[in-house]
Amino acid sequence: MMKNIWSRIGLICLALLVGQLTQFSFMIASAAGEAGMERYELSIVSSDTSLSGAYTSRQEYFQLPSHWQVKEATLNLDYQVSQLALEDRSSITLEVNGVSLYSFRPNLEMEGKQRLTVSIPSELLVAGTNSIAMIGNVMTVIDDILCAPEDDRDNWLQLYSSSSINFRYLEDSLKGTIRDFAERFSSIDSMNKSLNAITIPEGASPSEMEAAVYALSGFAKSNSQQDKQIPIISFDNEYFESKRFVTAVALYDHLPVKLQALIGNPELQGKALIQLVESDNQWVLIVTSSDDEQLVKAGRLLANGQLVSQLDTSSKIVDANTDVATPSVTIGQNIVLSETGDKVSGPRHQERAYFVALPANRSIADASKINLDFRYAKNLDFDSSMVTVLINNTPIGSKKLSNELADGDSLTLTIPKNMNISGNFSVVVAFDLEIANAACLQDQSNMPWAFVTKDSMLQLKTKDRTDLLFNNYPYPFLRDGVFNEVAVVLPKESDSNTYLSVSNLFNLLGQYAEGNTGNVVFYNDEVVEETLKIHNVIAIGSYQNNKVIRSINDHLYFKFDSAGNGLLSNEKMSIETNYGTRLGSLQLLNSPFEAGHGLLAVTAADPQYYQLASKLIASSQMTWRISGDGATIDRDGNINAFRFKQDAVQDQPSAISSITERTDVLYFTIAAGLVLMLVLVSLILLFRKYRKRGDRNNA
């Protein structure tokens, strides 16, 4: 009996021990999973935004990498509502990818900015483009006033740029393909954590620099974090080992021995190799060749996003027969707003926005039009309902909606020539869908709607913007989406500041570049002036280390002193002697080597300051802070921008060009000319007829 009791006690103890071990194992596994979890905070509102109206909404888009396994997503919405809002009648609804997520009533007892934290189910999120909509129903009418109209000035919802989504995710293992590497290299987490770099040899050759900037332009194009830059560093840079994703560009003999060993000794005569390898928890995409021309061609391949997205292998051989060129960039005459059409629904003001890409050097010319094709519900108050088209938030025209045209309406507007639109711009189609007695609207089953059809399009005519101003940058270095015969002149001896200056410049140029067929060449400061005549020149360096900058010192707006120790005062800015030694400058001027070309001097007395100046044109967020053709920056971040060139006289279009751009005027002119010719011919015939009759009478 005692033996059985002790046996049972032993079994119970064993079960408890197994249970404890199981729980302990589970805790270890959970901790391991938690340790492998990555975090990322994504901003969802680009800037503080105020929405007005009783019914209002805002839709934002964000990208999620395909290699993320999102485990948790938490939305932090920072907002404020009108103090006049009625708490029991006002509400805010959140939607993710068109699915309603959360509705709540604002807490009016709290003053100022409020924060709402909501968990987003991971099944609502998709790889690629996601949308989040914030829909406000802000009511201010007192209940005992029957059907009183809302005053839009009182109905407002403020959304703050501090709103974000916090992600916790696991990363899929890299599949070992060039395509997968390219996605990881410029993904939002790699950019945010500075996990990537393009590496080149110390004292890189011109072909190595050229191939590196082509590769950089391709990666920069897919970088959504435009305030973050992909650096170019040398193999011996102290940060090289800390980078998780590296693109190594070098002639084979210049590759580090470690990387040579990883790819062996391939036959590279007349060929280039793009090979993905893994080494010490670091993924390296090696781009190498024994031939300068083929190395550059391999760099151009990496600038072709379509080709890179098709490389499902770990290596690619590039030779003379490999076609790496992107399709020619076309400046579309007809641009479709939507491939499938877009619907808006809900009473009052509803909008649909469209983004139109245009090369930075192109501006909209006269006679450009927008043809809007649309239809809408018939339950509207047609005395008050209308549609308005805005370009860059500026209205260009409106039309009243009507019951007769509800099943098929259209609006054609000429884009005003005084808008001076250049580069990328936005088109907003705004409907005011008013309903009779809307203040009493309770049943929303017959909610008004409007639909913009796929036949809506822009008919664009464009022209070059050729003034050498930062307002038109990146012209002249990009033209119609490709590099425009760019020559980069580097200092006699390049260092990390030089390479970072180059990477800053080409991060922005790469984002604007649409094709890979343009040319970028690199020279050291010994280049002869004759060579630079056919190029738009970027000169990087100081008076001391760059001979070209010394030779053009008299042409600079901010000149160096005779010893080259600092920048001097000029008619726009007083510069104290010591201050001039720690001042970086950007100067965009007519090329002194050949008329019709431009020259950008990125210069300072010390390399750290011209690298600082290059940051001003490293991203679109920084470029908007400078204008004119000369700018300076100091180490405290003080920026000054000036215009030194005289204002160019605006070219007035000739009568002939105006007529040819306006087809209606052209047809009228042709018709009038034909009528005039017929009249003249008739007069001549009549004159000859009566002259002959007169001759016979005289005879």
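One-based numbering along the sequence shown. Because only heavy atoms are used, hydrogens play no part in the values below, and waters and symmetry mates are left out as well, while side chains stay in.
- Within a 6.0 Å radius of CG in N281, no more than 12 heavy atoms belonging to other residues, nucleotides or ligands are found.
- Inter-residue side-chain proximity for L311 and L301 is flagged as met; some heavy-atom pair is nearer than 4.5 Å.
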Chi angles and distances behind the side chain to side chain contact (heavy atoms under 4.5 Å, CB included) call for V45, T49 = CA-CA 8 Å; V45 180; T49 304; 4.0 Å; yes
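- For the side-chain contact (heavy atoms from CB on, under 4.5 Å) test with L276, the passing option among V284, D180, T313, L174 is L174; the others fail.
- Counting only N and O atoms by type, the side chains of N166 and Y40 include no donor and acceptor under 3.5 Å apart.
- Taking CG of L101 as the reference point, atom OG1 of T93 lies at 10.0 Å (rounded to 0.5 Å).
- With hydrogens and angles disregarded, no donor-acceptor distance shorter than 3.5 Å links the side chain of T247 to the backbone of L285.
- In this structure, Y214 and G518 approach most closely via the heavy-atom pair OH-O, 3.5 Å.
- For the pair R300 (side chain) and N516 (backbone), a donor-acceptor distance under 3.5 Å is present.
- Interatomic distance, CG of L508 versus OG of S217, reported as 12.0 Å (0.5 Å rounding).
- Residues N392 and T394 have side chains that never bring a donor and an acceptor to within less than 3.5 angstrom of each other.
- Residue S131 holds its OG atom at 5.5 Å from OH of Y61, rounded to the nearest 0.5 Å.
- A side-chain N or O of D172 and one of Q69 form a donor-acceptor pair less than 3.5 Å apart.
- A salt bridge links E38 and K193; the closest N-O separation between the charged side-chain nitrogens and carboxylate oxygens is under 4.0 Å.
- A heavy-atom distance below 4.5 Å is not found between the side chains of Q350 and W449.
- Of all non-hydrogen atoms in A513 and L478, the two that sit nearest each other are N-CD1, 3.9 Å.
- For the side chain to side chain donor-acceptor pair (under 3.5 Å) with D78, the lone residue among S162, S164, S163 that qualifies is S162.
- In this structure, R58 pairs ionically with E60, as a charged nitrogen and a carboxylate oxygen lie closer than 4.0 Å.
- For P201 against H254, the heavy-atom pair with the smallest separation is CG-CB, 3.7 Å.
- Residues V118 and L77 form no side-chain contact, since every pair of their non-hydrogen atoms from C-beta on lies 4.5 Å or further apart.
- Judged by the 6.0 Å distance and 45° axis criteria, K113 is positioned over the aromatic ring of Y160.
- Looking at D634, its side chain does come within 3.5 Å of a backbone N or O of D636 through a donor-acceptor pair.
- Ring centers of Y79 and F104: under 6.0 Å apart, within the cut-off.
- Counting heavy-atom neighbours within 6.0 Å of Y239 OH, excluding the residue itself, gives a total of 12 or less.
- For Q306, the CD atom sits in a loose shell: 12 or fewer heavy atoms of surrounding residues, nucleotides or ligands are nearer than 6.0 Å.
- Residues meeting the ring-ring contact (aromatic ring centres under 6.0 Å, His included) test with F483, sequence neighbours left out: F506.
- Partner of N130 under the side-chain contact (heavy atoms from CB on, under 4.5 Å) criterion, chosen from I44, N97, L124: N97.
- Looking at S161 and D48, their side chains do bring a donor and an acceptor atom within 3.5 Å of each other.
- For R115, the CZ atom sits in a packed shell: over 12 heavy atoms of surrounding residues, nucleotides or ligands are nearer than 6.0 Å.
- V502 has its side chain out of reach of L505: every pair of non-hydrogen atoms, C-beta onward, lies at least 4.5 Å apart.
- The environment of Q621 atom CD is dense: over 12 non-hydrogen atoms of other residues, nucleotides or ligands sit within 6.0 angstrom.
- The two residues S501 and S614 make their nearest non-hydrogen contact at CA-OG, 3.5 Å.
- Shortest non-hydrogen contact noted between G637 and R625 is O-NH2, 4.4 Å.
- The closest donor-acceptor contact from the side chain of N507 to the backbone of S503 lies under 3.5 Å.
- For the 3.5 Å distance criterion, the side chains of T117 and N76 qualify, holding a donor opposite an acceptor.
- Between V96 and L125, some side-chain heavy-atom pair lies under the 4.5 Å cut-off.
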task = Give the intermediate values and the outcome of side chain to side chain contact (heavy atoms under 4.5 Å, CB included) for residues D606 and R582.
result = CA-CA 7 Å; D606 187 279; R582 55 181 190 274; over 6 Å; no
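- For the pair L616 and I639, the minimum side-chain heavy-atom distance is below 4.5 Å.
- Distance check, rounded to the nearest 0.5 Å: CD of Q59 to CD1 of I135 gives 8.5 Å.
- Proximity of a side-chain donor or acceptor of Q114 to a complementary backbone N or O of N107 within less than 3.5 Å is detected.
- Between the K258 side chain and the S279 main chain, no donor and acceptor come within less than 3.5 Å of each other.
- In summary, the aromatic rings of W68 and Y169 are positioned with their centroids under 6.0 Å apart.
- Scored by the ring-ring contact (aromatic ring centres under 6.0 Å, His included) test, F185 finds F181, F219 as partners (sequence neighbours excluded).
- Side-chain atoms of N196 and V246, non-hydrogen and from C-beta on, never get closer than 4.5 Å to each other.
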request  = Would you sort out whether I165 and I120 count as a side chain to side chain contact (heavy atoms under 4.5 Å, CB included), showing the intermediate values?
outcome  = CA-CA 9 Å; I165 302 178; I120 302 176; 4.0 Å; yes
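- Under a 3.5 Å cut-off, the side chain of E183 and the backbone N or O of S66 do form a donor-acceptor pair.
- In this structure, N497 contributes its side chain and Q611 its backbone to no donor-acceptor pair below 3.5 Å.
- Listed by chain and residue number, R244 satisfy the salt bridge (Lys or Arg N to Asp or Glu O under 4.0 Å) test with E171 (two or more places apart in sequence, or in another chain).
- In plain terms, the two heavy atoms of Y499 and S234 that are nearest each other are CE1-CB, 4.2 Å.
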request  = Show your reasoning for whether side chain to side chain contact (heavy atoms under 4.5 Å, CB included) applies to Y102 and L116.
outcome  = CA-CA 10 Å; Y102 191 82; L116 172 75; 3.9 Å; yes
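- Between the side chain of R352 and the backbone N or O of V344, no donor-acceptor pair lies under 3.5 Å.
- Applying the 6.0 Å contact sphere to NZ of K615 captures no more than 12 heavy atoms from other residues, nucleotides or ligands.
- Looking at heavy atoms from C-beta onward, S619 lies in side-chain contact with Q229 at the 4.5 angstrom threshold.
- Atoms CD and NZ, from E514 and K221 in turn, are 3.5 Å apart once rounded to the nearest 0.5 Å.
- The CD1 atom of I626 sits 10.5 Å away from atom OG1 of T632, with the distance rounded to the nearest 0.5 Å.
- Here the side chain of Q282 pairs a donor or acceptor atom with the backbone of F240 at under 3.5 angstrom.
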